[in-house]
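The structure appears right after this line, and notes come after that.
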2 protein chains.
Amino acid sequence: MLQELTESHYGKGDFIFREGDPTEYFHIVKEGTVKCVKSTPDGKECTLKMLMPGDLFCCDASAFDGTSHPGSAQPMGDVSILRMNKKAYFDMLRRNPDAALEVIKFLGNRLKEAQEKTKDLALDRADQRLASLLVDLATRNGITDPGGIRLTVRLTRQDMANMVGITTETAIRIMGRFKRDGLVSGTANRLFICNLSGLKALASAS
Amino acid sequence: MLQELTESHYGKGDFIFREGDPTEYFHIVKEGTVKCVKSTPDGKECTLKMLMPGDLFCCDASAFDGTSHPGSAQPMGDVSILRMNKKAYFDMLRRNPDAALEVIKFLGNRLKEAQEKTKDLALDRADQRLASLLVDLATRNGITDPGGIRLTVRLTRQDMANMVGITTETAIRIMGRFKRDGLVSGTANRLFICNLSGLKALASAS
DNA sequence: AATGAAACATGATATTTATCATGTTTTGGT
DNA sequence: ACCAAAACATGATAAATATCATGTTTCATT
């Protein structure tokens, strides 16, 4: 089975696949971080999800019904990804019920996350969504360090803006406020979460 | 297998299950329309999805990992739903790879929809999101009728507001504008889409 | 037909966030 | 160390939407 997997490498600026491309493969992140992006004709972008090592992507419906990718996948820095031909993936799931159950579980979790995000976008303010994002990243990507939790992903204010549905300027202003309030420090290259519980409180403030 | 399914009926004001309840069953809508809702402590609501006959719900991760419902399910009017104990569901999927693949496909589609919604909330204006909702409902729920496409679900301005992340007042104002522009007519009890392509154009306007 | 509740409507105002413009700092590559 | 590009910063203004208040219409029930 495993011989069906091939490995590829990508760097900054590459596309793993583009929105609208036909779905040919099923993917797994091996190393690095991948972002799933949707964009509009006029150049606006929305980042749906950051994928970490071990995450599946493109294991969804488009792999089955022959349609095309609903969004693009881009590396955040250097990444390696594993790929399986969609037919092999399909056969593997048929033969291996446990794997199918794992995929169901994974997709169920992704769906839950997406719904949580929908709720945040619908009901929360910009600063709460940004705080929520930082809490999330600190938990998933942070390494403890003197001076706070350091994020291992390089994340510009623009990246953050795209992830929570605001403009770059608004992200910069809010991050400035967070910095003044001692919640965060640093910029993209070395971003620190200094007060995680403060951010948590903000994220869930009524 | 089918004997594992039990049928229940619900009416206006009932809850099929509430956010936070332990997940015990896997559900299918048999008749009527069900809404999936998330709410905040201070009474705000966000409707994630309207489920129609044939739709599965609660087939997701919470059924597997023993956690609780991430949102509530409420009927829009009278509904009947089919239910299967989660253990039976689990076993059924193990024994029946085709069923598991169907669930993967279904979840993949739900995920795609959720991501589309995320993009809309992040990048589109209120009137575009509302137009988009109406187009969607007309396609899924509409019956052609002299005077336009009539929606078979009773939908108040408040319901619409909760579905696209705006306030009731804003929904009323935008619907008023749509009515003046001849795009829609009527209110909750008899809501007509008079100009589907006009709404489509609005929904995807840059 | 009467009536209370829900739904719809609309105005005035406040708040949030986007937009546009411009300047400074940091970063990566030679 | 230098330089261009990217990232960060900030102000002024505009636009979108929420909030609050109040009134009208429609609906379901008796």
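Worth knowing before you read on, the calculation uses all heavy atoms, side chains too, and leaves out hydrogens, waters and symmetry mates. Protein chains get the first letters and strands the later ones, always in sequence-line order, with residue 1 at the start of each. This is a predicted model, so every value here is computed, not measured.
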DNA chain C-proximal residues of residues 181-192 of chain B, any heavy atom under 4.0 Å |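 Those residues are B:T187, B:A188.
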
Work out which heavy atom in [X] is nearest to a heavy atom in [Y]; give both atom names and the distance.
X	Y	answer
A:D78	A:G11	OD1-CA, 3.6 Å
A:L191	A:M175	CD1-CE, 4.0 Å
A:L48	A:K117	O-NZ, 3.2 Å

To the nearest angstrom, how far is [X] atom [atom1] from [N] atom [atom2]?
X	N	atom1	atom2	value
A:R177	C:dT17	CZ	C1'	11 Å
A:L121	D:dT17	CG	P	14 Å
A:D127	C:dA18	CG	P	12 Å
B:K44	D:dT17	NZ	P	15 Å
A:L130	C:dT17	CG	P	11 Å
B:M175	C:dT10	CE	P	13 Å
A:I172	D:dA7	CD1	P	10 Å
B:I174	C:dT10	CD1	P	14 Å

Taking atom types as modelled, find out whether A:T139 and A:D136 have a side-chain donor-acceptor pair closer than 3.5 angstrom.
->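 Looking only at side-chain atoms, A:D136 and A:T139 do not form any donor-acceptor pair under 3.5 Å.
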
Let's test your reading of the model: under 3.5 Å, does the base of C:dT19 pair with the side chain of A:R173 as donor and acceptor?
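Checked by distance alone, the answer is yes.
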
### Message
Please list, in numerical order, the residues of residues 151-169 of chain B that have a heavy atom closer than 4.0 Å to any atom of DNA chain D.
### Response
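Close to the strand are B:G165, B:I166, B:T167, B:E169.
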
Any sub-3.5 Å donor-acceptor pair from [X]'s side-chain atoms to [Y]'s backbone N or O?
X	Y	answer
A:D55	A:M52	yes
B:K38	B:P70	yes
B:K35	B:M76	no
A:T156	A:A188	no

*asked:* Tell me whether the side-chain N/O atoms of A:K179 come closer than 4.0 Å to OP1 or OP2 in D:dC8.
replied: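 False: A:K179 side-chain N/O out of range (4.0 Å or more) of D:dC8 OP1/OP2.
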
### Task
Would you tell me if any nitrogen or oxygen in the side chain of A:K12 comes within less than 4.0 Å of OP1 or OP2 on C:dT27?
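Looking at the OP1 and OP2 atoms of C:dT27, neither is under 4.0 Å from any side-chain N or O of A:K12.
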
Check: Do B:E7 and B:L82 have side-chain heavy atoms sitting under 4.5 Å apart?
Finding: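 Yes, at least one pair of side-chain atoms sits under 4.5 Å.
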
